[in-house]
Structure formats: structure tokens, C-alpha cells
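Here the structure is laid out as C-alpha cells; the discussion comes afterwards.
Predicted, not measured: the structure shown is a model, and the values here were computed from it.
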Amino acid sequence: MFLPRLTILFLAFATMMSAEPPGCKIRITSKGLDMLKYETQKFVEEELENITVPDLKGKEGGLQYTIQDVKIQELNLTYADLRFQPDVGLLFDIQNSSISLTFQRHILYWFLHDVGAINASADGVNIHVALYMTRDDSGRLKISNMSCDAAVAKMRAKFSGTLGKVYEFLASFLTTGMRFILNQQICPTLNHAGLVLINSLLDTVPVRQTVDKYVGIDYALLSDPVVTSSSLDMDFRGMFYVLENPNDTIVNYAAYPVVREYDRMVYLALSEYFFDSGMYAYYKAGVFSMQIANERMPKDLEMLLRTTYFGTIMMLNPALMEAPISLELEVSTAPRCVIKTSGATVAVTAVVTVMMLPAGQTPVQLSSMTMEAKLNAKVSMKGTPTSMYLYTFQFILYFYGHMGLTLQPSVSDRTKKGVQIPLPEGMDFIEEVVEYHNGFIIIGANLHFTKGLREVIESNRQYMPSNSTLAP
């Protein structure tokens, strides 16, 4: 007995250790869900208002009736709640609410024929919807299934028209049928809203996204989300890659980001691997190199270089004094990021080469030196839609600052466009707070909706391909 138990424990430990740690982790808390509750309630109201009710025909003794043109006029959701359901996903509850509707009647009672409008109300409307949140085959968050229970406790109808009072006693036949139809229509409508419409909203979350002409980023979910009564946690790969060679990546040995806070609506954790993979991808793409010469050479830098290497030029060939001078910078290995509680730094090793460029001749090297530097790194959230600005590629700026010069680095320019984080369109971070931990950073923030739920869904459905759930 002891050996099998030991084997099981060993296999479980090996599986845990072999699991790929996330480069990016997102926690949505109950406070964030409260922010979403209003948009969800509004969306459900709009879906229920558009319920299509088929014509209702029946016969009871001498009574024949037809109900048609059913229109929902008003919904009064007196109690609606959205909360996390552990190990499932989300739970949406509507209790003790009411629906006001109108429809047209055609009644034949023995030899009497009557038509007119009926004002009705459905009272004691209770709806219970569970949304099962999982990871699909492409690594995208999806609603994989839904369960729905809906019940209308009672139905009341008020007749109008010439014979309205006469047929009040027949109202029970009509309201019973209408209550049955409403019970049958509510859940199919909400199932379509979740499995089709809400999933189209989740399609706006990037899985593999092009950042610029050099690199892309992989935000595939590594596993199903972990849902507790107070939060929903999602582990994303969070890995940059070179567009020309997506398989050329580094192995993730970084620490597993751990989020313990619940005070804000959302938390974003980024490990050292997130940044290391980005710098490795740019390095392999050849971005971390540049030559400054001719019209790109600032006058003060040119003066400093000529003064510094005056003796070398005179010893090599005094005729070179009038030739253009160039400065080349090239990172020799991919920069690495280190995150500690005291802050984040980036270690950079670059080769700096100074050369003269005589016209029609081979360039003459004046010097070549290796520069090593540790630079402070900063992560901030700015702009829309929830774009993350990474100011970590600033080794060139450091070099110029070290020489007392000012020049905006081209690499830093590229990072200013930002990288979208894996949240649906229409959500922005506000009131951000950045915390540094050993091996990862955590950005706590509140959410602001720039677009309504319906607006985002409708705008994306116009051009969403039928196979949009597949990763590009």
C-alpha cells in the first residue's frame, strides 16, 4: 500500500512542477463583477424585450381563441444579482420580477366574435442562469455551457373592447397558455445570448496578437479559469515571439505570479518571463541595433566624438579628419529583467563601435568597447483600450544620458504604442497601483467601461468570421 501511495504523490508533484507557469495572470474580483452587474442586467432586459412569441391558438368548449402580435412593453427586474459560482463560472439570478406585455385577441364564443387588445402582466418571474467558463482548444476563455431555469408564477390579463367584460371569466384559459409560452421562451433566448453573443464579446480578447512589424504576443489561456466565491483567476502564457520565427522563444523559468489581494476590481500580474520574452523577441528581430551617422548624428555628439578620438585619427591618417564619423550600438545578448520588491531592473550588454566613413573607402574603426548597464524599468497603464506601456528598452537612452546628450531612442518609440492586455474590448484600467514582488509585478486597478456591452457585441458581430473562436 505504501508504494502505490508514494507513486501517486510523486506523479502529482511531477505534474505540478512540469506545468507551464504563466507569464501573465489576471484576477477579477467581486468588486469588478459588481461593476459588470449593471451592464449585464441591461443586456438581459434588452434580450428579453426581443423575445419572439409564437401565435397561441386554443379551443375550450364553445370558446375558440387566437393570441398574436405579442409585444413585451416593460420589464421590472426588482432583484438581479451577478456573482461567482465556485468551480463553474458565473451565476445570474433574477427574482420576484415582472413583465408587462400586450397582445391581440381573436375570440369566437359560440356565435359571438370579438377582437381587441389585451394588457397582461407576468408576475413572480424567477430566472436562474449558470455560465460555465472554460478554456477552448485555441486557448480562449469561453462559455462552454449554460444551465437555465425560468418560471412565471402567475399571469394576469385585462381585456378591452366591446365584449371585454363578458370574457373576463375566460381569462384563465389565455393567461395559462401565455404563461406556458413565456416559460418556454425565456431560457432559449438567454442561452443564445450567452453561448453566441457573450462569446462574441470574449472573441475580442486577443489570443495571438501582432504587436508591431517585428513581434507578436501569445495570450493563450494555459488552463481553465479558477473560480472561487470571491474571484476568477486566469493564467495566460504571456509570451512575445518573433513574427518571422514564432518558434524561436525562451523557456519560462520565472517565478509563478501569486495574487493575494481582493480590494480592487482587477489585478494584473506579470512575471519576469513576460518582459524577458519581449526583449528576446526584439533582440532576435534585430531591433536592438542602430547606426548614427551623417544627418542622424547630432552636432554635439559629433563634436564630442571628434574631440575624444582626435589623437587616434591623427595617428591613423590625418586625412580622415574631414570624413563623417559614425557611432554603432548593438546589443550582444538579449537583455534580462530582474524584479524584486525594491523595483525592476534590466541588464543590458551592448557593443559600441566608433568609425570614420571616408567616401568611397572601407570604414576605419577607431574603437570598439563593450558596455554593461543595469537600467531601472517602469511599467505603466495608459490610454485605451487597456494598453500596457513598457519602458524597458531604454539602453540607448542610457548611453546618451551617460554622455550628457539627449536623443529619443527608436526602440522606446516602438514601445509607446503599447500592448493590449487580455481583457474584452470596452474596458479600461483606472486608479492603478503597481506593486513589486520577487519575480513578478502586480498592477491593481479599478475598471471603467468606455462602451456598453451591447455596443461592443454589435460592433464585432458585423465582421466576426464564423470560425472566430480559432486562434489566428
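Every residue meeting the side-chain contact (heavy atoms from CB on, under 4.5 Å) condition with Asn145, not counting sequence neighbours, appears here in chain and number order: Tyr132. Residues passing the side-chain contact (heavy atoms from CB on, under 4.5 Å) test with Asn76, sequence neighbours excluded: Thr78, Ser98. For Pro86, the side-chain contact (heavy atoms from CB on, under 4.5 Å) partners two or more places apart in sequence, or in a different chain, are Ser229. By the salt bridge (charged side-chain N to carboxylate O under 4.0 Å, His left out) test, Arg83 is found to be paired with Asp81, Asp93, residues two or more places apart in sequence or in another chain being considered. Arg237 is linked by a salt bridge (charged side-chain N to carboxylate O under 4.0 Å, His left out) to Glu20, Asp218, counting only residues two or more places apart in sequence or in another chain. Under the ring pair (Phe, Tyr, Trp, His ring centres under 6.0 Å) criterion, Phe440 pairs with His437, sequence neighbours left out. Annotation: salt bridge (charged side-chain N to carboxylate O under 4.0 Å, His left out) contacts of Glu47 (sequence neighbours excluded): Arg454. Under the salt bridge (charged side-chain N to carboxylate O under 4.0 Å, His left out) criterion, Glu45 pairs with no residue at all, not counting sequence neighbours.
The stretch residues 184-298 participates, sequence neighbours left out, in these disulfide bond (SG atoms under 2.5 Å apart) pairs: Cys148-Cys187. The disulfide bond (SG atoms under 2.5 Å apart) pairs that include a residue from residues 189-301 number zero, where partners must be two or more places apart or lie in different chains. Within the structure, every pair that satisfies the side chain to side chain donor-acceptor pair (under 3.5 Å) test and touches residues 332-350, not counting sequence neighbours, is listed here: Asp276-Arg336.
Taking the charged nitrogens against the carboxylate oxygens, Arg135 and Asp235 have no contact shorter than 4.0 Å, which rules out a salt bridge.
The shortest distance between side-chain heavy atoms of Phe84 and Ser30 falls below 4.5 Å.
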Check residues 309-317 and write down every donor-acceptor pair under 3.5 Å in which the side-chain atom is one partner and the other belongs to a residue at least two apart or another chain.
{"from": "Tyr309", "atom 1": "OH", "to": "Ser367", "atom 2": "OG", "distance (Å)": "2.8"}
{"from": "Asn317", "atom 1": "OD1", "to": "Ala319", "atom 2": "N", "distance (Å)": "3.0"}

* Test side-chain contact (heavy atoms from CB on, under 4.5 Å) on Phe240 and Met279 and set out the steps. => CA-CA 8 Å; Phe240 290 84; Met279 290 183 287; over 6 Å; no

